Asks: 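Input: one structure, supplied below.
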Amino acid sequence: MPETIEDTTFRHDDWYAEELADRHFVRCAFQHVDLTEAVSRGASFTECSFGNVAFNASRHVDSAFTRCAFRRCNLFEAEFVGCKLVGSTFEQCDLRPLRVTGGDWSFVALPGADLRGVSFSGVRMREVELTGANLTGATVAEVDLSGAQLDGVRFTGADLRGSDLTALDPTTVERAGAVIDAVQAVVLAGALGFEVR
């Protein structure tokens with residue numbers, strides 16, 4: 001049976017290269033825990049808090065971090081594949097370089113985050129909070145950004161092809177050199193008041 005751990009605090013633990021398979025953590029606190037090169041498969045973290053946790057070069061597959069709080073964590077070269085992070089928040093975290101493929105990041109809060117050069121591909125990010133985030137040179141491909149908060153986002157040189165940009169007001173973002181496809185061009189032209197025939 002999968003192991004479930006509830007209401008536990010982990011402090012200064014060394015979980016370097018730990019294999020976290022099918023383990024479930026509920027309302028747990030992780031403080032100064034080393035998860036460098038750790039791998040989670042089918043693990044779940046529900047309403048957990050992570051403070052000053054090292055996720056460097058960690059890999060997470062089909063895992064869930066729902067309604068979790070990440071504060072001052074380091075996700076250098078972390079990778080998430082098919083993971084669910086619905087309702088989680090990131091504050092003062094090092095998120096570069098980060099690679100996310102598939103999964104559901106809806107309602108995630110990343111306001112003002114430094115996301116230069118990160119990669120989000122095929123991810124559901126409905127109503128994500130990205131106000132003031134820096135996505136310069138990032139790849140945001142085939143991403144569902146419907147209802148997203150995008151005011152003040154820097155998309156300079158970003159690859160946005162295939163993503164839902166219906167929530168994007170082109171006048172409130174930095175967009176020089178951003179790459180979009182023909183369908184997106186029609187959507188953005190409409191947002192600017194043009195009638196495309």
Side-chain angles (χ1 to χ4, degrees), residues 2-135 138 140 143 148-149 153:
E3 179 183 6
T4 298
I5 301 170
E6 299 184 28
D7 303 302
T8 302
T9 297
F10 301 91
R11 187 174 281 111
H12 297 288
D13 286 16
D14 183 0
W15 289 10
Y16 179 87
E18 186 86 5
E19 289 277 350
L20 301 170
D22 300 316
R23 288 163 70 177
H24 305 294
F25 299 87
V26 180
R27 296 181 304 278
C28 292
F30 299 82
Q31 299 292 327
H32 297 277
V33 174
D34 185 2
L35 282 166
T36 301
E37 294 189 19
V39 177
S40 73
R41 294 181 186 277
S44 70
F45 300 82
T46 304
E47 296 181 357
C48 293
S49 63
F50 299 88
N52 295 286
V53 172
F55 287 95
N56 308 47
S58 61
R59 190 166 192 264
H60 309 276
V61 180
D62 299 329
S63 295
F65 297 81
T66 50
R67 299 186 303 282
C68 291
F70 298 83
R71 180 177 171 81
R72 295 179 180 168
C73 294
N74 192 332
L75 285 86
F76 177 80
E77 289 193 344
E79 181 179 10
F80 293 84
V81 179
C83 292
K84 180 179 179 181
L85 279 85
V86 174
S88 290
T89 61
F90 290 83
E91 184 180 356
Q92 297 178 320
C93 293
D94 185 348
L95 300 164
R96 304 176 52 227
L98 173 70
R99 186 165 62 218
V100 180
T101 306
D104 192 345
W105 286 51
S106 297
F107 305 100
V108 167
L110 289 157
D114 184 356
L115 296 166
R116 290 173 295 162
V118 302
S119 175
F120 289 97
S121 179
V123 190
R124 185 178 186 182
M125 299 181 77
R126 290 187 175 184
E127 298 191 44
V128 66
E129 164 65 277
L130 285 168
T131 303
N134 187 351
L135 284 125
V140 186
V143 172
Q149 299 178 52
V153 173

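All values below were derived from every heavy atom in this structure, side-chain atoms included, with hydrogens, water molecules and symmetry-related copies excluded. Remember, predicted model here, so these are calculated numbers, not experimental data. Heads up: numbering here begins at 1 and tracks the sequence.
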Asks: Compare every heavy atom of Val128 with every heavy atom of Val108, then report the nearest pair and how far apart it is.
Replies: O-CG2, 3.1 Å

Asks: Of the non-hydrogen atoms in Leu95 and Ala113, which two are nearest, and what is the gap between them?
Replies: CD1-CB, 4.0 Å

Asks: Could you go through the side-chain contact (heavy atoms from CB on, under 4.5 Å) check for Leu115 and Phe90 one step at a time?
Replies: CA-CA 12 Å; Leu115 296 166; Phe90 290 83; over 6 Å; no

Asks: Could you tell me whether His24 and Phe45 have their ring centroids closer than 6.0 angstrom?
Replies: no

Asks: Please list, chain by chain and in numerical order, all residues satisfying side chain to side chain donor-acceptor pair (under 3.5 Å) with Thr89, sequence neighbours excluded.
Replies: none

Asks: Is the count of non-hydrogen atoms from other residues, nucleotides or ligands lying under 6.0 Å from Arg41 atom CZ greater than 12?
Replies: no

Asks: For a quick test of reading the model, state the closest non-hydrogen atom pair linking Ser40 to His60 and the distance between them.
Replies: OG-ND1, 2.8 Å

Asks: Which residues pass the salt bridge (Lys or Arg N to Asp or Glu O under 4.0 Å) test with Arg27, sequence neighbours left out?
Replies: Glu6, Asp7

Asks: Out of curiosity, Glu129 CD to Gln149 CD, how far, rounded to the nearest 0.5 Å?
Replies: 4.0 Å

Asks: Measure the SG-CG distance between Cys93 and Asn74 for me, rounded to the nearest 0.5 Å.
Replies: 9.0 Å

Asks: Find out whether Trp105 and Arg126 are in side-chain contact, i.e. whether some heavy atom of one side chain is under 4.5 Å from a heavy atom of the other.
Replies: no

Asks: Measure across Leu20 and Ala43 and return the closest heavy-atom pair with its distance rounded to 0.1 Å.
Replies: O-CB, 3.7 Å

Asks: Check whether any side-chain N or O of Ser106 sits under 3.5 Å from a backbone N or O of Asp104 as a donor-acceptor pair, and report yes or no.
Replies: no

Asks: So how far is it from Phe70 CZ to Gln92 CD, rounded to the nearest 0.5 Å?
Replies: 15.0 Å

Asks: Between Leu85 and Phe80, is a side-chain contact (heavy atoms from CB on, under 4.5 Å) present by the stated rule, with each step listed?
Replies: CA-CA 10 Å; Leu85 279 85; Phe80 293 84; 4.2 Å; yes

Asks: For Gln31, give me all partners under side chain to side chain donor-acceptor pair (under 3.5 Å), at least two apart in sequence or on another chain.
Replies: none

Asks: Which atom pairs, donor and acceptor, lie under 3.5 Å between side-chain atoms of residues 47-54 and protein residues at least two apart or in another chain?
Replies:
| unit_1 | atom_1 | unit_2 | atom_2 | d |
| --- | --- | --- | --- | --- |
| Glu47 | OE2 | Arg67 | NE | 3.2 |
| Glu47 | OE2 | Arg67 | NH2 | 3.3 |

Asks: Nearest 0.5 Å please: distance from the OG1 atom of Thr36 over to the CD atom of Glu18.
Replies: 12.5 Å

Asks: Would Phe30 and Phe25 count as a ring-ring contact (aromatic ring centres under 6.0 Å, His included) here? Give the steps.
Replies: CA-CA 10 Å; Phe30 299 82; Phe25 299 87; 5.5 Å; yes

Asks: Quick one: are Cys28 and Ile5 in side-chain contact, heavy atoms under 4.5 Å?
Replies: yes

Asks: Testing the basics here: between Phe10 and Val33, what is the closest heavy-atom pair and its distance to 0.1 Å?
Replies: O-CG2, 3.5 Å

Asks: Rounded to the nearest 0.5 Å, how far does CE of Met125 lie from CD of Glu127?
Replies: 12.5 Å

Asks: Not counting sequence neighbours, list each pair that qualifies as a salt bridge (Lys or Arg N to Asp or Glu O under 4.0 Å) and has a residue in residues 78-90.
Replies: Arg59-Glu79, Glu79-Arg99

Asks: Test side-chain contact (heavy atoms from CB on, under 4.5 Å) on Val140 and Leu135; report intermediate values, then the result.
Replies: CA-CA 9 Å; Val140 186; Leu135 284 125; 3.9 Å; yes

Asks: Taking the side chain from Ser88 and the backbone from Phe65, do they hold a donor-acceptor pair closer than 3.5 Å?
Replies: yes

Asks: Can you measure from CG (Asn56) to OH (Tyr16) and round to the nearest 0.5 angstrom?
Replies: 10.0 Å

Asks: Is there a donor-acceptor pair under 3.5 Å between the side chain of Asp13 and the backbone N or O of Trp15?
Replies: no

Asks: Tell me every residue that passes side chain to side chain donor-acceptor pair (under 3.5 Å) with Asp114, counting only those two or more places apart in sequence or in another chain.
Replies: Arg116

